[in-house]
Amino acid sequence: MKLSFLGHSCFVVTINNKKILFDPFITYNELAKGIVSADTVEADYILVSHGHADHIADMVAIAQRTGAKVVSNWEIVEWAQKQGLTNVHPMNTGGAWDFGDFKVKCVSAIHSSGLPDGSYGGNPMGFIVTSQEGNFYYSGDTALTLDMQLVPRWASLNFAVFPIGDNFTMNVEDAAAAAEFVKVKQVVGVHYDTFGYIKIDAEKAKADFAASGATLHLVPIGGTIEL
Ligand code: NI
Ligand code: MN
């Protein structure tokens with residue numbers, strides 16, 4: 001599977017020639033300026049883990065331009081409909097749905113989920129995506145949680161995408177433990193360096209991960225890797 005990193009926690013995974021965009025936050029990301037643009041990103045599906053602005057800021061504009069189907073929790077989908085979006089699919093923690101090209105299972109995340117305008121954003125979620133081409137898990141913003149030990153019951157993973165920036169989410173050490181819990185060796189790190197609170201030492205992070213027996217991929221913004 002191909003993964004393109006668009007900065008912060010925004011990335012695209014291509015499965016069966018369909019582009020699944022996660023947590024669109026591009027326009028207000030200073031690090032992404034001049035490299036990627038919300039005006040040109042392509043999407044067939046937009047999966048949103050929770051309601052915080054740094055995960056949803058470009059959702060409405062990209063969904064309107066591309067016609068992509070927005071998949072998130074009930075409250076965020078209801079909010080998306082109030083913004084005028086019609087191609088939506090509400091889910092909630094514990095549930096799975098077969099979208100044809102791939103299947104999504106929503107799993108718990110330990111975080112919060114208020115929407116940018118103060119609306120209630122439901123509970124934050126992680127996603128397990130399974131398909132003919134392989135399986136991956138995006139935890140969303142979360143603490144390390146024992147619930148992650150359930151993930152191998154549902155999918156044997158090719159890779160996982162974990163936040164590593166600390167302060168709001170797991171740090172590198174916790175993400176390495178999460179990799180053990182979900183039994184994965186290839187991890188893509190997200191949610192780091194964007195703001196002052198979440199700056200990391202990239203080389204140290206990769207070395208610490210390697211010591212734990214897994215590989216941490218820190219993909220440059222605009223970069224694509226095959227996993
Ligand atoms: Ni958040
Ligand atoms: Mn966040």
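Count residues from 1 along the sequence. Note: hydrogens, waters and symmetry copies are ignored here, and every other heavy atom, side chains too, is used.
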| task | Tell me whether the centres of the aromatic rings in Phe11 and Phe22 are closer together than 6.0 Å. | result | yes
Count I, L, V, M, F, W, Y as connected when their side-chain heavy atoms are under 4.5 Å apart, and connections chain through other members. Are [X] and [Y] then in the same cluster?
X	Y	value
Phe168	Leu31	no
Trp74	Val71	no
Ile198	Val161	no
Tyr120	Ile110	no

I'd like to know if the side chain of [X] reaches the main chain of [Y], judged simply by a donor and an acceptor atom lying under 3.5 Å from each other, with no hydrogens or angles considered.
X	Y	result
Ser113	Gly121	yes
Asp193	Ile200	yes
Ser119	Leu115	no
Thr142	Ser139	no

Value rounded to 0.5 Å, distance of [atom1] in [X] from [atom2] in [Y]:
X	Y	atom1	atom2	result
Ile15	Asp44	CD1	CG	11.5 Å
Lys206	Asp208	NZ	CG	12.5 Å
Met1	Ser131	CE	OG	5.5 Å
His55	Ile76	NE2	CD1	10.5 Å
Asp141	Met125	CG	CE	13.0 Å
Ile56	Phe25	CD1	CZ	12.5 Å

Check [X] against [Y] and note the closest heavy-atom contact, atom names and distance.
X	Y	value
Thr130	Ala155	CG2-CB, 3.8 Å
Gly7	Ile221	CA-CG1, 3.7 Å
Val187	Val184	CG2-CG1, 3.9 Å
Ala109	Pro124	O-CG, 3.5 Å
Pro152	Phe181	CG-O, 3.5 Å
Ser108	Asp147	OG-OD2, 2.7 Å

| How about His191 and Asp54: does a side-chain donor come under 3.5 Å of a side-chain acceptor? | yes
Other residues, nucleotides and ligands only: do more than 12 of their heavy atoms fall within 6.0 Å of [atom1] on [X]?
X	atom1	value
Lys33	NZ	yes
Lys183	NZ	no
Gln186	CD	yes

| task | May I have the step-by-step check of side chain to side chain contact (heavy atoms under 4.5 Å, CB included) for Met170 and Asp166, ending in yes or no? | result | CA-CA 5 Å; Met170 295 193 284; Asp166 213 344; over 6 Å; no
So do [Y] and [X] actually touch side chain to side chain, heavy atoms under 4.5 Å?
X	Y	value
Trp79	Met59	yes
Asn73	Thr93	no
Met148	Tyr137	yes
Asn29	Phe195	no
Val129	Phe136	yes
Tyr138	Asp23	yes
Glu42	Arg65	no
Leu157	Val182	yes

| query | side chain to side chain contact (heavy atoms under 4.5 Å, CB included) between Ser112 and Asn123: does it pass, once the steps are laid out? | reply | CA-CA 7 Å; Ser112 56; Asn123 290 318; over 6 Å; no
| field | Partners passing ring-ring contact (aromatic ring centres under 6.0 Å, His included) against His111 (at least two apart in sequence or in another chain) | value | His50, His52
| request: Sequence neighbours left out, what passes ring-ring contact (aromatic ring centres under 6.0 Å, His included) with Tyr28? Give chain and number order. | output: none
| message | Working note: Trp154 + Asn135, criterion side chain to side chain donor-acceptor pair (under 3.5 Å); need CA distance, chi angles, decisive distance, verdict. | response | CA-CA 10 Å; Trp154 299 310; Asn135 308 324; over 6 Å; no
| How far apart are the C-alpha atoms of Thr27 and Asp58, what are their side-chain angles, what is the distance that settles it, and do they pass the side chain to side chain donor-acceptor pair (under 3.5 Å) test? | CA-CA 7 Å; Thr27 304; Asp58 290 307; 2.6 Å; yes
| task | Give the C-alpha distance, both sets of side-chain angles, the deciding distance and a yes or no for side chain to side chain contact (heavy atoms under 4.5 Å, CB included) between Asn171 and Ile164. | result | CA-CA 4 Å; Asn171 63 8; Ile164 57 170; over 6 Å; no
| task | For the pair Ile128 and Val107, evaluate side chain to side chain contact (heavy atoms under 4.5 Å, CB included) and give the outcome as yes or no after the intermediate values. | result | CA-CA 7 Å; Ile128 300 170; Val107 295; 3.7 Å; yes
Listing, residues 95-105 side-chain donor-acceptor contacts under 3.5 Å, not counting sequence neighbours, or none:
| from | atom 1 | to | atom 2 | distance (Å) |
| --- | --- | --- | --- | --- |
| Asp98 | OD1 | Gly100 | N | 2.8 |
| Asp101 | OD1 | Asn16 | ND2 | 2.9 |
| Asp101 | OD2 | Tyr45 | OH | 3.3 |
| Lys105 | NZ | Gly94 | O | 3.1 |

